[in-house]
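Starting from 1, each residue takes its place in the sequence as its number.
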Amino acid sequence: MSHSHHVGPSYVDHNNTMPPSHHHPTTSASHAHGGPGAGDMMMMHMTFYFGIKNVELLFSGLVINTAGEMAGAFVGVFLLAMFYEGLKIARESLLRKSQVSIRYNSMPVPGPNGTILMETHKTVGQQMLSFPHLLQTVLHIIQVVISYFLMLIFMTYNGYLCIAVAAGAGTGYFLFSWKKAVVVDITEHCH
């Protein structure tokens, strides 16, 4: 039988004795970490669920099995999401403060009729090897790592942990961003 009508590379496992499956249940052994023969490995959920047993949290050794462990994980994830929002606002604030250090240099220049005028030059900028830029770089790395941790936590599809991520981010935004300067575009017509 010709398979020339298929586009792209074709991968056929000639050693597999199982017929191909076209049905994808929410959890199956084929989605288990480690693939076929993993045996005792946990299955990855593909839909949202509210369970407290065998919930793997970021690392293989960090498994939630009790209500108390889930409550602790909820609080930890909630605080991590809050911290993430606070870190975003803190980085913006540090950036504004480092850019506020604008230097004004005045120098006398000869004017008309023998007068002397003061010419003012504004200097704005940051050097690449300055402490503020290095601090921003380190904080950016921390922010990226935390954001990926929160994404991976949400991708467990555990409802409790997803709620912790969303509630922590919302609470963090509420607590930290109220001081954030808001720029309103008066030409925007879709308010």
Side-chain angles (χ1 to χ4, degrees), residues 8-96 132-182:
S10 175
Y11 302 99
V12 178
D13 182 6
H14 296 286
N15 296 325
N16 189 358
T17 57
M18 297 296 291
S21 172
H22 296 288
H23 175 69
H24 296 289
T26 58
T27 58
S28 70
S30 65
H31 287 111
H33 301 281
D40 60 343
M41 297 302 264
M42 287 183 234
M43 290 189 284
M44 186 173 140
H45 287 268
M46 300 304 288
T47 59
F48 289 101
Y49 70 102
F50 285 89
I52 60 170
K53 297 282 187 193
N54 296 326
V55 179
E56 230 175 356
L57 185 61
L58 294 179
F59 303 100
S60 60
L62 190 54
V63 181
I64 299 168
N65 283 311
T66 66
E69 290 172 350
M70 180 57 79
F74 185 95
V75 170
V77 169
F78 180 89
L79 293 174
L80 185 65
M82 269 184 54
F83 176 74
Y84 173 75
E85 290 297 325
L87 182 60
K88 284 192 330 187
I89 300 302
R91 283 192 58 225
E92 287 178 18
S93 176
L94 284 172
L95 186 61
R96 276 195 303 276
H133 183 65
L134 292 174
L135 180 62
Q136 282 286 345
T137 301
V138 170
L139 292 176
H140 176 74
I141 291 167
I142 293 169
Q143 182 180 341
V144 167
V145 169
I146 291 173
S147 70
Y148 280 119
F149 279 177
L150 291 172
M151 178 198 66
L152 290 171
I153 290 168
F154 204 92
M155 288 177 62
T156 64
Y157 291 105
N158 182 282
Y160 300 118
L161 297 177
C162 292
I163 290 169
V165 169
T171 303
Y173 182 85
F174 179 78
L175 292 176
F176 300 119
S177 72
W178 66 274
K179 290 183 180 182
K180 186 173 151 180
V182 177

*Asks:* From N65 CG over to I52 CD1, what is the distance, rounded to the nearest 0.5 angstrom?
*Replies:*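 The CG atom of N65 sits 8.5 Å away from the CD1 atom of I52.
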*Asks:* Show, in sequence, the C-alpha distance, side-chain angles and deciding distance for Y49 and V55, and conclude whether the side chain to side chain contact (heavy atoms under 4.5 Å, CB included) test is met.
*Replies:* CA-CA 11 Å; Y49 70 102; V55 179; 3.8 Å; yes
*Asks:* Does N54 reach the main-chain N or O of V63 with its side chain, forming a donor-acceptor pair under 3.5 Å?
*Replies:*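 The answer is no, because no donor-acceptor pair under 3.5 Å joins these two groups.
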*Asks:* Starting at CD of E92, measure out to CD1 of I89 and round the result to the nearest 0.5 Å.
*Replies:*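 Those atoms lie 4.5 Å apart.
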*Asks:* For V144, does its backbone N or O pair with a side-chain atom of S147 as donor and acceptor, under 3.5 Å?
*Replies:*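 Pair found, side chain donor or acceptor close to backbone of V144.
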*Asks:* List the steps and the verdict of side chain to side chain contact (heavy atoms under 4.5 Å, CB included) for I153 and L57.
*Replies:* CA-CA 7 Å; I153 290 168; L57 185 61; 3.8 Å; yes
*Asks:* Please list all pairs meeting salt bridge (Lys or Arg N to Asp or Glu O under 4.0 Å) that have one or both residues in residues 66-85, counting only residues at least two apart or in different chains.
*Replies:*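 Listed by first then second residue: E85-K88.
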*Asks:* Got a second to check how far T66's OG1 is from K53's NZ, nearest 0.5 Å?
*Replies:*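 It comes to 7.0 Å.
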*Asks:* Is the backbone N or O of H133 less than 3.5 Å from a side-chain atom of T137, with the two atoms forming a donor-acceptor pair by type?
*Replies:*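 Present.
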*Asks:* Please find the pair of heavy atoms, one from L150 and one from A81, that lie closest to each other, and give the distance.
*Replies:*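 For L150 versus A81, the nearest heavy atoms are CD1-CA, 3.9 Å.
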*Asks:* From L161 CG over to M155 CE, what is the distance, rounded to the nearest 0.5 angstrom?
*Replies:*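 One gets 13.5 Å once the value is rounded to the nearest 0.5 Å.
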*Asks:* State, yes or no, whether a side-chain contact exists between L139 and L94 at a heavy-atom distance under 4.5 Å.
*Replies:*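 Yes, side chains in contact.
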*Asks:* Are the side chains of V165 and Y84 in touch, meaning some heavy atoms are under 4.5 Å apart?
*Replies:*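 They are not in contact (no side-chain heavy atoms under 4.5 Å apart), so the answer is no.
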*Asks:* Hey, what do you get for CG (L152) to CG (L58), rounding to the nearest 0.5 Å?
*Replies:*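 Atom-to-atom, L152:CG and L58:CG are 6.5 Å apart.
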*Asks:* F74 versus I163: any side-chain heavy-atom pair under 4.5 Å?
*Replies:*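 F74 reaches I163 side chain to side chain.
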*Asks:* Can you see which heavy atom on A164 is nearest to which on V77, and at what distance?
*Replies:*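 A164 and V77 have their closest heavy atoms at CB-CG1, 3.8 Å.
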*Asks:* Which residue pairs pass the ring pair (Phe, Tyr, Trp, His ring centres under 6.0 Å) test when at least one of the two sits in residues 143-170, sequence neighbours left out?
*Replies:*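 Residue pairs with at least one partner in residues 143-170: F48-Y157, F50-Y160.
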